[in-house]
Amino acid sequence: KGTSSMKKAELVEAMLAEDERVKQKESLENAIMRNVTYCYTIEGAYPESLDYLKNNYGLIYDEELFFVDYHISGSNILPDITIIEREGNK
């Protein structure tokens, strides 16, 4: 019985951690899109890079937890943004 309840506790802990990572990823997605849209509204062009958002719009996130792939096709085309959770953080 003790081992069974320990495994249940570990499972619950893993589920809570996964839920937290999902929320963090959603929050990051929202923050990036908000900053991208704001930049376009203010400057008339989408940000040229993720570093531009970090340096000029205060974007901060845990780079050890998430990798953000940011590709721009033109100043008036919404960038292609992909957020990937890094391995080893699950």
Side-chain angles (χ1 to χ4, degrees):
K1 192 174 185 180
T3 304
S4 177
S5 62
M6 250 172 80
K7 289 185 181 193
K8 286 180 185 176
E10 290 172 2
L11 181 60
V12 168
E13 186 176 317
M15 290 171 65
L16 290 173
E18 176 65 22
D19 186 51
E20 182 62 28
R21 284 191 300 273
V22 168
K23 287 179 182 175
Q24 286 178 330
K25 185 177 179 183
E26 288 174 358
S27 178
L28 177 56
E29 289 169 349
N30 291 336
I32 290 173
M33 287 310 298
R34 189 172 44 251
N35 283 318
V36 164
T37 304
Y38 186 67
C39 176
Y40 187 79
T41 302
I42 298 299
E43 300 183 25
Y46 287 110
E48 60 200 31
S49 68
L50 196 60
D51 284 336
Y52 189 83
L53 286 177
K54 292 177 191 175
N55 296 330
N56 296 287
Y57 290 87
L59 178 67
I60 40 178
Y61 65 95
D62 187 344
E63 295 183 37
E64 291 182 12
L65 187 58
F66 296 108
F67 169 76
V68 178
D69 188 35
Y70 185 96
H71 290 281
I72 188 156
S73 299
S75 64
N76 63 342
I77 299 171
L78 185 67
D80 180 33
I81 304 164
T82 305
I83 300 170
I84 301 168
E85 186 176 344
R86 294 186 185 270
E87 290 295 319
N89 291 306
K90 294 184 178 183

Which distance, rounded to the nearest 0.5 Å, do you find between the [atom1] of [X] and the [atom2] of [Y]?
X: I77; Y: Y46; atom1: CD1; atom2: OH; value: 9.5 Å
X: K25; Y: I83; atom1: NZ; atom2: CD1; value: 6.5 Å
X: I32; Y: T37; atom1: CD1; atom2: OG1; value: 11.5 Å
X: Y70; Y: D80; atom1: OH; atom2: CG; value: 10.5 Å
X: R86; Y: D62; atom1: CZ; atom2: CG; value: 9.0 Å
X: I84; Y: F66; atom1: CD1; atom2: CZ; value: 11.5 Å

Heavy-atom distance under 4.5 Å between the side chains of [X] and [Y], does that happen here?
X: K54; Y: L50; result: yes
X: P79; Y: V36; result: yes
X: T82; Y: F67; result: no
X: Y57; Y: C39; result: yes
X: M33; Y: L78; result: yes

Short side-chain to backbone donor-acceptor contact, D19 and M15, under 3.5 Å: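 Looks like no, no N/O pair under 3.5 Å.
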Side-chain ion pair, R21 and E18, N-O less than 4.0 Å: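 Judged by the 4.0 Å cut-off on N to carboxylate O distance, R21 and E18 do form a salt bridge.
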Linked, directly or transitively: L53 and I42 (ILVMFWY side chains, under 4.5 Å):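 Linked within one cluster.
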